[in-house]
Amino acid sequence: MARFRSRKTFKLVTHLREGRQAPLPAWKREEQGLSRDLEERCSTVQQHCGDEASHLRLGRLVPRLTHYDFGVRESALAELELATQLIRVGARVNFLPESQARTADLECYLGRERFFVEATAMVGSAERRQLPVRGLAEIDVQGDEEDRGVILIHRILARIRQKAKQLADYCDPVVLCISVPRADLLGDKTSRHEEIWLDLKALAGSVTVLLTTLRQLSAVMIALWDVEPLPSKAGTRLANVDLVERPKRQRGYPRVRMFVQNPGVQSPLTALQQETFRQVL
């Protein structure tokens, strides 16, 4: 991998009521826009990551959690949440420096075993989110009458292909983690909430078939926050797929988490790494 130059850290400053100034840690937000839960996650990551590059990356990540753009917020949240989860299940996590060269987000260790993780949130561009659902369906499937769940599967597959190009040069295992935050991903700006009914087995099968052509990806983990799983029509399941489905009332967790391992990967996950991601589910 390419070497990165270290950069000087900086301090955020807030104005107190008495008129004095006091330095704040780089991971805190000036206007205190973070919830208690997010502050606890930031504290956990800051205490765990002792290197300068991780602190610098976290200092840039935290302001994005309160950014006005939904896509920026969700991308930062996906990265922070994933790092926190990996720390809680026993992994040693470092944030990789941002650079012009496209790299993964996290470098992780379990004992002496190293693996890399890339986190991404599927929210689409601002222009796409403003388009009507019917118009998006015509763009994505070129006029075929496919439902929202099928469109979502197509987009997940497209994101996997896109990220695989970025992660092609790693020799250690690489896991791509995709977060799908909400149902209006498809551009639904109306007041009426339209649920996305998703065939989970179709998604798992489609991702498995795609991964056989992308040997650089060891596995893909998908978090679906706002979907309705379709009833299963068959009792069969893929051996390379782990799935956790939660009830709708547990709003603090994704509705579905899916972990799909690549059957034809060049650098497979070890048994300990596989078990770690099952715990994250």
Side-chain angles (χ1 to χ4, degrees), residues 1-110 114-123 125-126 163 166-167 170 172 174-179 181 221 223 225 252 276 280:
M1 294 178 55
R3 295 184 178 181
F4 303 92
R5 295 181 180 177
S6 61
R7 299 179 181 178
K8 296 182 179 180
T9 57
F10 59 92
K11 293 183 178 180
L12 298 178
V13 177
T14 183
H15 294 275
L16 303 179
R17 292 183 179 179
E18 295 80 6
R20 296 174 295 169
Q21 291 185 348
L24 289 178
W27 53 271
K28 279 194 174 180
R29 186 72 168 135
E30 290 182 359
E31 61 271 25
Q32 298 182 4
L34 298 180
S35 65
R36 182 183 299 272
D37 178 63
L38 288 179
E39 286 186 1
E40 290 177 353
R41 294 184 188 184
C42 291
S43 298
T44 298
V45 174
Q46 187 211 27
Q47 294 170 7
H48 175 85
C49 302
D51 61 297
E52 180 182 352
S54 293
H55 282 197
L56 180 59
R57 180 76 175 266
L58 186 60
R60 294 178 175 177
L61 183 68
V62 171
R64 300 173 189 172
L65 296 170
T66 54
H67 199 274
Y68 68 90
D69 184 81
F70 173 74
V72 174
R73 294 198 310 270
E74 286 297 330
S75 296
L77 181 58
E79 188 173 337
L80 178 64
E81 182 184 52
L82 182 60
T84 306
Q85 290 171 338
L86 289 171
I87 291 171
R88 288 174 178 173
V89 297
R92 186 154 45 94
V93 177
N94 294 318
F95 285 80
L96 292 174
E98 292 180 319
S99 67
Q100 292 182 352
R102 301 294 293 172
T103 62
D105 292 319
L106 305 174
E107 179 186 31
C108 308
Y109 288 87
L110 287 168
R114 182 174 69 166
F115 61 97
F116 294 91
V117 178
E118 169 72 10
T120 183
M122 284 187 53
V123 295
S125 64
K163 287 294 181 179
Q166 164 184 336
L167 305 169
Y170 287 93
D172 293 301
V174 180
V175 178
L176 172 62
C177 298
I178 301 175
S179 175
M221 187 167 69
W225 286 83
T276 297
V280 171

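Note that the numbering runs from 1 along the sequence shown for the chain.
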* For I178, does its backbone N or O pair with a side-chain atom of T120 as donor and acceptor, under 3.5 Å? -> no

* To do: Only counting residues at least two apart or in another chain, list the ones meeting side chain to side chain contact (heavy atoms under 4.5 Å, CB included) with A104.
  => L96, F116, E118, L167, Y170

* By side chain to side chain donor-acceptor pair (under 3.5 Å) - contacts of E107 (at least two apart) -> Y109, R114

* Sequence-distant partners of N94, side chain to side chain donor-acceptor pair (under 3.5 Å), two or more places apart -> none

* Structure fact -> Scanning both residues in full, the closest heavy-atom pair of V93 with C108 reads CG2-SG, 4.1 Å

* State, to 0.1 Å, how close A119 and L82 come at their nearest heavy-atom pair, and which atoms those are. => CB-CD2, 3.8 Å

* Residues in side chain to side chain donor-acceptor pair (under 3.5 Å) contact with T276, at least two apart in sequence or another chain -> none

* Structure fact -> All heavy atoms of A78 vs all of S179, minimum pair found to be CB-CB, 4.1 Å

* Could you tell me which residues satisfy salt bridge (charged side-chain N to carboxylate O under 4.0 Å, His left out) with D51, sequence neighbours excluded, listed by chain and number? => none

* **Heavy-atom pair with the smallest gap, counting every atom of C177 and V117** => SG-CG1, 3.8 Å

* Do side-chain atoms of H55 reach the backbone of Q46 as a donor and acceptor pair under 3.5 angstrom? -> yes

* Taking all atoms of both residues into account, what is the closest heavy-atom pair of P97 and T103, and its distance? -> O-OG1, 4.0 Å

* **Which atom of P181 lies closest to which atom of F70, heavy atoms considered** => CB-CZ, 4.0 Å

* Taking atom OG of S54 and atom CG of L61, what is their separation to the nearest 0.5 Å? -> 11.0 Å

* To do: Hey, could you give me each pair passing salt bridge (charged side-chain N to carboxylate O under 4.0 Å, His left out) that has a residue in residues 77-89? Not counting sequence neighbours.
  => R41-E81, R57-E79

